[in-house]
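See structure below.
Quick note: numbers below take in every heavy atom, side chains included, and nothing from hydrogens, waters or symmetry partners. Along the sequence shown, residues are numbered consecutively beginning with 1.
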Amino acid sequence: MVRQSKWSEKAGVAQRGRGSTSRRLLPALLVAALLGACEGSRSGATHDLRPKVLLIGIDGVRPDILADVSTPNLDGLIADGAYTAETTTTTPSVSGPSWSSMLTGVWPEKHGVLSNDFTAPRYEEYPDFLSRIEGVRPELTTVAVADWLPILDLEGRRPLIGPDVDVREALDGYEIGWAEGDTRRVHFPVARIETGDPAAVFVYLGNPDETSHQAGSIGVEYREAIAMADAEVGRLVRAIQGRATFAAEDWLILVSTDHGRRADGGHGGDSPEEMTTFIIVSGPSAADTIEGPTYIVDVAVTALAHLGIDPPTSWGLDGTAVGLANRPGG
């Protein structure tokens, strides 16, 4: 059974799949490009394509509010893949534990991050998925960009995304402003995607979460920040589709969030509004639906699976690959 939020129109878009006539889709030419790639996957052509993955993490987005915001780029990804609005995040529902679980594929009792203090992280034992890729496929180029510093810089300690990742670009959103930080951060992966040959890219967008905190609500300001994040998603998608080698590549685009939030803009508790997140799985290798319950720890495992990396039991991962065609859980 496909798990859908009872309030989410976007879940309906996912269920309708590529035949959707939703009013909020990518521009026709971009959709056509994605459709052609997806049709190739249904004909079994993806085995000849080079797998690549882009994970976009948007901080603090409630799925029910997302459904009310005009997000043509995210909707285009949903139409060309699968979506669930009923993913469960960590307890507590705050950024430190949640981003750690999304990127490592394990729960807080393993990675050791129980708050935003990062007192005793165990990232050496449970590294992020990009570092896992470097460990088993060092020939693949990995890229990570973020404007929330603990993801890439923990002041002398190993940060969430480890030092072995090929390209790491950090910016301080508190210093330059979160909207500006997100825009400037996206410039960098766009350039890498357009001119380089990355195999796995992670991009963090923090403005929606910080805007909601500052406004103390989930009102107009928060919704505008989500729409701005959608525009940055569009820039990344267009960079992928503009690659000279795009026709020979199998890009999987994952989009998710770390936690939801209360109506007052806060989070950290165990209410459904705080604990419920979403996952988008889009591209030629994406399934049409996401089956069964999903969890934040599934995101990293899905990225690894797309690249053909089957985690050994010694890694102790808690997640399962979801939303991929021809795989259990897809």
May I ask you to check if R132 and Y126 form a cation-pi contact, with NZ or CZ under 6.0 angstrom from the six-membered ring centre and within 45° of the axis?
no

Testing N116, T89, D258 for side chain to side chain contact (heavy atoms under 4.5 Å, CB included) with P97, which one passes?
N116

Side-chain heavy atoms under 4.5 Å apart, restricted to Ile/Leu/Val/Met/Phe/Trp/Tyr: what other residues fall into the cluster of V94, or is it alone?
none

From I78, D298, I290, V255, residue fulfilling side chain to side chain contact (heavy atoms under 4.5 Å, CB included) relative to V281:
I290

Checking the side chain of D230 only, and the main-chain atoms of N73 only, is there a donor and an acceptor separated by less than 3.5 Å?
yes

Less than 4.0 Å between a side-chain N and a carboxylate O, is that true for D197 and R243?
yes

Give a yes-or-no answer on whether the side chains of E274 and S271 include a donor-acceptor pair shorter than 3.5 Å.
yes

With a 4.5 Å heavy-atom cut-off, do Y295 and V322 have their side chains touching?
no

Has E139 got more than 12 heavy atoms of other residues, nucleotides or ligands less than 6.0 Å from its CD?
yes

For T104, does its backbone N or O pair with a side-chain atom of D128 as donor and acceptor, under 3.5 Å?
no

Tell me if the centroids of the rings in Y204 and W99 come within less than 6.0 Å of each other.
yes

N-O pairing of D250 and K52 below 4.0 Å
no

